[in-house]
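Chain letters run A, B, ... following the sequence lines, proteins first, then strands; residues in each count from 1.
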Amino acid sequence: MSLWEYANPVKFMGLSSRLIPTLSVLTILCLVTGIVWGFFGTPDDYKQGSTVKIIFLHVPSALMAINAWMMMLVASLVWLIRRHHVSALAAKAAAPIGITMTLIALGTGAIWGKPMWGTYWAWDPRLTSFMILFVFYLGYMALWSAIEDSDTAADLTSILCMIGSVFALLSRYAVNFWNQGLHQGASLSLDKEQHVDDTFYYPLLFCIAGFVLLFVLLVLIRTRTEIRLRRAAALAARNV
Amino acid sequence: MLALFLRDLKLAIRTGGGFGLALAFFLIVVMFVPFGVGSDLTLLARIAPGILWIGALLACLLSLDRIFQLDAEDGTLNVLATSPIPLSGVTVAKSMAHWVTTGLPLTIAAIPLGYLLNLPSIAYAWLFVSLFIGTPALSFIGAFGAAITVGIKRGGLLLSLLVLPLYIPTLIFGAVTVIKAVEGSNPMPSLMFLAGLTLLSVVIMPFASALALKANLS
Amino acid sequence: MLALFLRDLKLAIRTGGGFGLALAFFLIVVMFVPFGVGSDLTLLARIAPGILWIGALLACLLSLDRIFQLDAEDGTLNVLATSPIPLSGVTVAKSMAHWVTTGLPLTIAAIPLGYLLNLPSIAYAWLFVSLFIGTPALSFIGAFGAAITVGIKRGGLLLSLLVLPLYIPTLIFGAVTVIKAVEGSNPMPSLMFLAGLTLLSVVIMPFASALALKANLS
Amino acid sequence: MSFCVDKLCCVRGNTTILSDVSFELATGDCLILRGPNGIGKSTLLNTLAGLAPQGHGTSTLDPDDIAYSGHLDAIKFQLTVAENLQFWAGVYGTNTVASVMQGFGLTELANRPAGNLSAGQKRRVGLARLLVSDRKVWLMDEPTTSLDADHTALITKMIDDHCQSGGIAVLSTHIDLDIKNAQTLELSQFKPEQARNNDVFLEGSF
Amino acid sequence: MSFCVDKLCCVRGNTTILSDVSFELATGDCLILRGPNGIGKSTLLNTLAGLAPQGHGTSTLDPDDIAYSGHLDAIKFQLTVAENLQFWAGVYGTNTVASVMQGFGLTELANRPAGNLSAGQKRRVGLARLLVSDRKVWLMDEPTTSLDADHTALITKMIDDHCQSGGIAVLSTHIDLDIKNAQTLELSQFKPEQARNNDVFLEGSF
Amino acid sequence: MPDLGKYADTVILAYIVSFVFLIGLVGLTWLQSRRAKRILATEETRNGK
Ligand code: HEM
Ligand SMILES: Nc1ncnc2c1ncn2[C@@H]1O[C@H](COP(=O)(O)OP(=O)(O)OP(=O)(O)O)[C@@H](O)[C@H]1O
Ligand SMILES: Nc1ncnc2c1ncn2[C@@H]1O[C@H](COP(=O)(O)OP(=O)(O)OP(=O)(O)O)[C@@H](O)[C@H]1O
Ligand SMILES: [Mg+2]
Ligand SMILES: [Mg+2]
C-alpha cells in the first residue's frame, strides 16, 4: 500500500477522521504545557525582562509561517506532477493557517519591538521578509478565490507557489543585502554559544511542537472542509 | 515568433501609443513626488534613485495586463495556442515586445527625469545601466503574472498583487545600485545581482508562463 | 440607479475582490518606498504624508478602467444608454460604487500603513479626514477619464495620462493638509479647499462624463 | 403607438451608409431589415436607438419606448443568469424575471454563471432582457444568431406575441423568419449610388 | 492523412458534457456536428483542438495539422484587414494573403481597420485565416454566423474545395449547409444519460 | 500570575493578540467546516442518496 492512496478523497476522509481525535488531544497537551510552563515557569531575562516570554509565541509562529509555505510548495508540486486532488486542496487549506501564523509572528514581533527597539515597526530585513511573505500569502489566496474552475485554480496557484518560492528566497537575500538589521539571529541552532538558555529552551520546544501539531490538525480539518465543498459542487454540477 | 513580436509592437504604437503612455505615466508619477513631499532639493536628491526606480516599475506594471488579456478576449490566444509557435515562444515574443515598448523608453526617459529630482550627476550612468539591465526582468516577470490572470476579466489589480512581490528583488538591487553610486561606494555587486536576476527571469519565466497559459485555456 | 450601484458592488466583490486588491496595491506601493529610498526612519517620516496620498491615488487610478470599459465591451453600455437611467445617473452610480470599493477601504487602510512609514502620531486623524473627503473627488474625476477613454481598447495608460493631471489639485490639497498637521500649523484651509474640490467634482463631473459617453457611443 | 422614419441618413465615421430611409410602423407591425453583409442593417438599428449620430432626416421614435439588442449580448459573465436579468429588471423598474425565465427555458440555468453558458444559451439570456424591459419597440440585430431551430421558433413566436399584444419590432436577419404580418425592407435600395460622403470639407474646392 | 477519435469524453469544469464520442475521418471527409444549443459542439471542437482538458478517450489528431476557428473571430480591431491576415501568414509561415483576400472579396476592404467592419465582414476575415494558415484539418465553430446567403454559399464552396483537395473539415452549424460528401454527427446521442460526472470526489461516500 | 514587571502590558498584549488570532483561526475553521457539512448534506439529499 502506498502513501499515494491517501490522495483519494474517500481514503483521506477515512484516515483523517481517525487521526483527528488523537491529534487534537496531543495538540492541546503540548500547547498548554508549553505556554503554561513558558508563561508561569520561566524567570525574566536579565536584559529583556519579562518580554522574553513572548518568545514562546513568536518563534513557533514564525517557524510555522515559513513551514506552512514549504508544505504548500510540496503539495503544489505533488498536484502538478501526480495530479492528486487532495494534495491541491491541502495546499489551499494551509494558506489561511500560514497567513495567520505570519500575522501572529508580525504582531508579537511588533509588540515586542516597542520596548526593545522603541518602535513597533522598523525596516529590519527579517521583519521585511515577513511582510513580503504576508503579501505572497495574500496573492496566493486571492488567486484561489478569483478562479471558478477548481482544477484551473489548482494549476495556477501551484505554478504561482513554485515561482513565488523562488522569488521569496531571492527577496530574502535582496533584503539582507539592502539593510543590516536589528533582529537576533537564529538561536535554535546546535551551536552552544548562540543557544538560548535551557530554561527557555525546553518550554519553547513544547510550544513549537504544539504549533506544529496545531498546524497539522488544522490542515486536516480544513482539507476535509475543502473536500466536502468540492464534492458538494460536483454533486450540484451533476444535478443541473 | 518574429511576426508576433512585430505585431505586438505595431499594436502598441497603434493603440493610442504604447510608448508614449508608459512614459507619460512615469513622468507624472515623478512629478507628483515634489507635490506630495515638498520641493526641498536635498530631500529630493536623496529619494531620487528610489523614486525613479519605483516610478519605472509602476509604469511598467500598468501596461502588463495588455500582454495577454486582449488576445484572450478576441480569441487570438486560442488560435495562437493551436499555431506552430509554442506557448513559451509566444511568451518570449510578447515579453520582448513589452520591454521594447515600455522598459526601453523608460530607461531612456529616466535620465531627464532624474534631473527633475536633482539626482547627483555621478549617478546618471548607473541609473541608465541599472534600468537597462533590470527592466527586462520586469517584463518577463510581468508576462508571467499576466499569463496567470488571463482568464480573469479585468484582473488588473490581482495581477499587480501577484506581480509586485515578485518585483521586490529587482527593485532592491536596482535602487541599491544607484544609491551606492550616489554614496560613492561600489555599485558593481548589486548590478551583478540584478543581471543575474534578469537572466534567471528570462530563462525560467517563459516556461512558467507557458504552463499558466496552458492551464488557463478553456 | 440603485440597481446599477448594487450590481457594480456585486461585480467588484465577485471579480476576485475589488476591495482587497486596491488595498493590496496600496500596501505594496507603500512597502516599496523603503526599498527604494532606504529604511531611515526620519527620512520616511518626512515623506510619509506625500507617499501615502500618492499611493492611495495610484491604487485608485489602477481600478478606474473597470468603471466603463467592461460594460462597453460586452454591450451593456449600449443598452444602458437606451434605458430609463440618464447617462449622468449611470456615472453617479458607478462613481459611487467605485468610491465604496476603493476610496473608502483605502482611507481606512492608510492608518496602519502610516505607521509603517513612521508617520508622526498627530497626523493620523488628518490623514484619515483628508482621504475621506478627498477620495470621492478621485472617483468622480476618474469616472470622467474612464468615460473619455471608453472607446479605446485597453486604454488604461491613456486614461492615467488624462486623469493624473486632473488629480493634481486634489493631491496637493490632500497632502498639504497632512503636512501642515505634521508641522503643527493649521491644516484647515487646505482641508476646506479639498472639500470644495470634492463638491465641485461631484456636481460637474457626472455631466461631463455623460457628454463624453454620449460622444463615445457607436 | 406608432412612429415614422423620414428620409433618414445613416452615417459611420464620415461615410453615408444609407440615405433617405423612410418607413412607418404602427402598433402590431414588425419590420424585417434584409440585405447583404455590410449594407447597413446594424447601422440603421443603432441610429434608430440613438446610439449612432444621425445624419439628415428625422425619426419620431421616442427613446423611452425602445428596448435594444445588438450583436453583443450585454450579459455579465460573473453574474448568474438570474442575477443578470434581475439587474435589468432593476434598471427598467419591472418585476417579471421569474416568468420570463420560465418562458425561455432558462429556469434550470438560473444559478449558472453566465460566463460558462454556450453561445446559444448566452443569446437567449440576451433576448430575455427584451421581455424583462417591458418596452414597446424592440430593435433587434440578428436575434437568432447561434440559436438552434427550436429556439429560433421560440424567438419567432415571442416576437409574434409582442407585436400581437400591441408592440412593434424592427429586426435584421439573414435567415427567413416565420413572423406573421411582417413587412420586409430591403436595404440595398437605400445605398447611396456613388458612395456619398456628407463631409463639409468636401464641399466646394480650394 | 486521417485521424480517429475513440470514446472521447468532453468535460467542462467538473461536468462531463459528452461521453464516448467516436468517429474516424480520412482525407476529403467533412464532418458536420449538429445538435441543439448547449449540447456540446463547441466543447467537442475545443477538445479536438487541445484547447480544453481531455477526459477519457483518445484522439489521434495531430495538433500541428489543425487550423481552428471558434465563436470569436481572432481579429485585431486596430489593424487593417490586410495586416490581420499578414500577421497570421507570418505565424503559420505562409505566403498566400493576396490570393486569399481576392477569393474572399476582401480586397476592397484590405486597408480598412478591422474594427469598423460589419459583423459579417469580420466573420469573413476570421474565416480567411483558415485558408491563410494552410493546414490540413479545419475545425470550425458555426462558420456561417452572421453571413448573408451569398457569403454562406462562398464559405460552403471553400470548405468543399478544401476537402476535395485532400483536407478534412469538422464544423458545427445550426443551418443546413450544402456540402458534398458531408457526414453528419448528431451529438445528442452522446449526452450522458444521467448527466454523468467523472469527478473523483463523487466516488464512495463520506 | 507571575510578576511581569514594567513590561506587563507588552507581554499581556502579545499573548492576547496571539490568542485572538489563534482562536479566530480555529473558530473560522470550525465554522467553515460546519457550513461545508451542511452544504454537502443538502446536496447529498437532493441527489437522492
Ligand atoms: C514584526 C516583527 C518581527 C518579525 C516578523 C520577526 C520574525 C522572526 C522570525 C522569522 C524568527 C524565527 C527565526 C529563526 O528562528 O530562525 C524570529 C525569532 C526571534 N525573534 Fe523575531 N521578529 C520580529 C520582531 C522581533 C522583536 C521586536 C524581537 C525582540 C526584540 C524579536 C526577537 C526574536 C527572538 C529572540 C527570536 C528567537 C531567535 C532564535 O532564537 O531563533 N523579534 N523572529
Ligand atoms: N468608421 C467607418 N467608416 C466607414 N465605413 C464604415 C465605418 N464603420 C463601418 N463602416 C461600414 O459600414 C457598413 C455598414 O455596417 P453595418 O454593421 O451596419 O452592416 P450590417 O448590415 O449590419 O452587416 P452585417 O450583416 O454583416 O452585420 C459596412 O460596410 C462597414 O464596413
Ligand atoms: N464550467 C461549466 N460547468 C458546467 N457546465 C458547463 C460549463 N461550461 C459550459 N457548460 C455547459 O456545457 C454545455 C456545452 O456547451 P457548448 O458551448 O459546447 O455548447 P454548444 O453545443 O456549442 O452550444 P451552442 O450551439 O449554443 O454554441 C452547455 O450546456 C454549457 O452550459
Ligand atoms: Mg450587423
Ligand atoms: Mg457553441
What heavy-atom pair brings [X] and [Y] nearest, and what distance separates the two atoms?
| X | Y | value |
| --- | --- | --- |
| Ala14(F) | Ile111(A) | CA-CD1, 3.7 Å |
| Ser18(F) | Thr108(A) | OG-CG2, 3.0 Å |
| Ala232(A) | Leu40(F) | N-CD1, 3.7 Å |

[X] vs [Y] side-chain heavy atoms within contact, under 4.5 Å:
| X | Y | result |
| --- | --- | --- |
| Met116(A) | Tyr7(F) | yes |
| Glu44(F) | Leu235(A) | yes |
| Trp30(F) | Ile221(A) | no |
| Phe211(A) | Leu22(F) | yes |
| Val17(F) | Ile104(A) | no |

Atom group of Leu214(A) that falls short of 4.5 Å from chain F, counting heavy atoms: side chain
Does a salt bridge link Glu43(F) with Arg231(A), judged by any charged N lying under 4.0 Å from a carboxylate O? no
Quick one: does any side-chain atom of Tyr15(F) pair with a main-chain N or O of Lys53(A) as donor and acceptor, under 3.5 Å? yes
Test side-chain contact (heavy atoms from CB on, under 4.5 Å) applied to Thr100(A) and Thr29(F), Leu25(F), Val26(F), the passing residue: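 Between Thr100(A) and the candidates, side-chain contact (heavy atoms from CB on, under 4.5 Å) is satisfied uniquely by Leu25(F).
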Taking atom CD of Gln32(F) as the centre, report whether more than 12 heavy atoms of other residues, nucleotides or ligands fall under 6.0 Å from it.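 More than 12 within 6.0 Å, yes.
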Top contributor to chain F interface from Glu226(A), Arg224(A), Arg228(A) [non-hydrogen pairs under 4.5 Å]: Arg228(A)
Of the listed residues (Ile227(A), Val52(A), Ile54(A)), which shares the most heavy-atom pairs with chain F below a 4.5 Å separation?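 The residue among Ile227(A), Val52(A), Ile54(A) with the greatest pair count is Ile54(A).
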Could you grab the distance from atom [atom1] of [X] to atom [atom2] of [Y], nearest 0.5 Å is fine?
| X | Y | atom1 | atom2 | answer |
| --- | --- | --- | --- | --- |
| Phe21(F) | Thr102(A) | CZ | OG1 | 10.0 Å |
| Thr225(A) | Arg34(F) | OG1 | CZ | 12.0 Å |
| Arg222(A) | Leu28(F) | CZ | CG | 5.5 Å |

Could you walk me through whether Val11(F) and Trp112(A) pass the side-chain contact (heavy atoms from CB on, under 4.5 Å) test, one step at a time? CA-CA 8 Å; Val11(F) 177; Trp112(A) 199 350; over 6 Å; no
